[in-house]
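In this text the structure is predicted, and so the values were computed from the model without any measurement. Quick note: residue numbers are just sequence positions, from 1.
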Amino acid sequence: MDRLRALEVFVEVVRKEGFARAAEALDTSPANVTRYISDLESHLQTRLLNRSSRKMSLTPSGEALFERARSILEDVHEAEAIVSSAAVHPRGVLRINAPLSFGVLHLAHLWPRFMQQHPDVQLDVSLIDRVVDIVEEGYDMAIRISRAGSASNVARKLATSRNIACASPDYLARRGVPQTPADLLHHDCIVYTYSGEEWQFTDATGKLHPVRVRGIMHTSNGDTARAAALGGLGIIWQPTFLIGADLRAGRLQPVLPGYRLPDIDVMAVYASRRHLSAKVRAIIDFLVKEFDGTPPWDRIS
């Protein structure tokens, strides 16, 4: 009996919850799957699976073997990858998740260049603003915009973006320019849902100046907040990767220059360093190089 193959068959049966589905995934026949499980149980002299016409479940021995066998197979696959061409040559489908606005403005134009450099990689890019579960949803890597990093995944910092409070020249001409954070209490503000109505400014001495603003509009999309501010509706704070061009062109004007909002990091997030594939390593190295130095969105002056 090929014990490694038998363990592979056993793990696949558990994952697929059935002999027929496991056989399909392994490109073999259900009879072969049955034979491997029977031989494995005979070798170990214990039943691994409780089987009936309607349901299959693991025995206590099966549960113990499944966890250990899965770990063994992962180690074997990693060892094979180290010496295989896939370990040194990026290939296959690379599934990437990124926030909508950032993905359109700062990533979309990079993908053709990456694929020219790595012609054996096929990109599958999803732009979703919510935080995805990389493992559960089957992504190889995600781009995250965050102040706090990632507690459950490995994160590689790509760049930093400043947050700027600003408004249109028309709005400021009508309502005046706030001089302190407290002045925002008398202004119309456009609130980004994920940031909330408490805006926290820091002065040059490091003192915190929190203020709960009056939100006349709430939105979960940065582009919508930007459009409202450009239309003269009120004051926003947004990252410079979204509004940097507007600030440079004078379409939006910064307010409260003596105060600072918290910076945010742009990060490449992936599940594990241990099983980092060549294609994931390639995209991370590519993005690190592309965002090296001062990012274009922070060139305001």
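In this structure, L48 CG and L58 CG are separated by 8.0 Å, a value rounded to the nearest 0.5 Å. A distance of 13.0 Å separates CE of M217 from SG of C189, quoted to the nearest 0.5 Å. The line from CG of D120 to NE2 of H89 is 3.5 Å long, rounded to the nearest 0.5 Å. To the nearest 0.5 angstrom, I37 atom CD1 is 8.0 Å from T34 atom OG1. Here CD1 of I236 is found 11.0 Å from OG of S195. Values are rounded to the nearest 0.5 Å. How far CG of L184 is from CH2 of W237: 12.5 Å, rounded to the nearest 0.5 Å.
Ion pair R5/E8 flagged as a salt bridge, since at least one NZ, NE, NH1 or NH2 atom sits closer than 4.0 Å to an Asp/Glu carboxylate oxygen. Using a 4.0 Å cut-off between a side-chain N of Lys or Arg and a carboxylate O of Asp or Glu, D170 and R174 qualify as a salt bridge. R162 has no carboxylate O lying under 4.0 Å from a charged side-chain N of D263, or vice versa, which leaves the two without a salt bridge.
When all heavy atoms are compared, the tightest approach of P254 to I164 is CB-CG2, 4.0 Å. The two residues L252 and C166 have their closest heavy-atom pair at CD1-SG, 3.9 Å. Summarising the geometry of A229 relative to I190, their closest heavy-atom pair is N-CD1, 3.6 Å, with the distance given to 0.1 Å. The two residues L233 and I216 have their closest heavy-atom pair at O-CD1, 3.5 Å. The nearest pair of heavy atoms linking P99 to L127 is O-CD2, 4.0 Å. Nearest approach of A20 to P30, heavy atoms of both residues: CA-CG, 4.5 Å.
In this structure, D183 contributes its side chain and Q179 its backbone to a donor-acceptor pair below 3.5 Å. A donor-acceptor pair under 3.5 Å is absent between the side-chain atoms of K157 and the main chain of V266, judged by distance alone. Side-chain atoms of T59 come within 3.5 Å of backbone atoms of R47 as a donor-acceptor pair (strictly under, hydrogens ignored). Under a 3.5 Å cut-off, the side chain of R95 and the backbone N or O of G138 do form a donor-acceptor pair. Although no hydrogens or angles enter the test, the distance criterion places a donor-acceptor pair under 3.5 Å between the side chain of S42 and the main chain of S38.
V131 pairs by the side-chain contact (heavy atoms from CB on, under 4.5 Å) definition with R144, not counting sequence neighbours. Listed by chain and number, the residues in a side chain to side chain donor-acceptor pair (under 3.5 Å) with R15 amount to none (sequence neighbours excluded). Not counting sequence neighbours, the partners of F114 by the ring pair (Phe, Tyr, Trp, His ring centres under 6.0 Å) test are H118, F286. Contacts of K207 classified as side-chain contact (heavy atoms from CB on, under 4.5 Å), with partners at least two apart in sequence or in another chain: D203, T205, H209. Taking the ring pair (Phe, Tyr, Trp, His ring centres under 6.0 Å) definition, one finds that Y139 meets it with nothing, sequence neighbours left out. Applying the side chain to side chain donor-acceptor pair (under 3.5 Å) rule to E198 yields the partners Q200; only residues at least two apart in sequence or on another chain are considered. Taking the salt bridge (charged side-chain N to carboxylate O under 4.0 Å, His left out) definition, one finds that R68 meets it with nothing, sequence neighbours left out. With sequence neighbours excluded, no residue satisfies ring pair (Phe, Tyr, Trp, His ring centres under 6.0 Å) with H218. Partners of Y171 by ring pair (Phe, Tyr, Trp, His ring centres under 6.0 Å), not counting sequence neighbours, listed by chain and number: H187. Residues that satisfy the side-chain contact (heavy atoms from CB on, under 4.5 Å) test with A25, not counting sequence neighbours, are E12, K16. M56 is linked by a side-chain contact (heavy atoms from CB on, under 4.5 Å) to V13, F19, L49, R51, counting only residues two or more places apart in sequence or in another chain.
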Evaluate L73 against V11 for side-chain contact (heavy atoms from CB on, under 4.5 Å), listing each step before the verdict. CA-CA 9 Å; L73 291 170; V11 167; 3.7 Å; yes

Show your working on side-chain contact (heavy atoms from CB on, under 4.5 Å) between L65 and L7 and close with a plain yes or no. CA-CA 9 Å; L65 181 63; L7 290 177; 4.0 Å; yes

Check the pair D265 / T160 against side chain to side chain donor-acceptor pair (under 3.5 Å), numbers first and verdict last. CA-CA 4 Å; D265 289 332; T160 297; 3.1 Å; yes

Only pairs under 3.5 Å count here: list side-chain donor-acceptor contacts from residues 101-110, not counting sequence neighbours, and write none if there are none.
residue, atom, partner, partner atom, Å
S101, OG, D223, OD2, 2.3
H106, NE2, F241, O, 2.6

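A 6.0 Å sphere centred on CZ of R113 holds more than 12 heavy atoms belonging to other residues, nucleotides or ligands.
Y194 and V269 fall into different hydrophobic clusters, where Ile, Leu, Val, Met, Phe, Trp and Tyr side chains are chained together by heavy-atom contacts under 4.5 Å.
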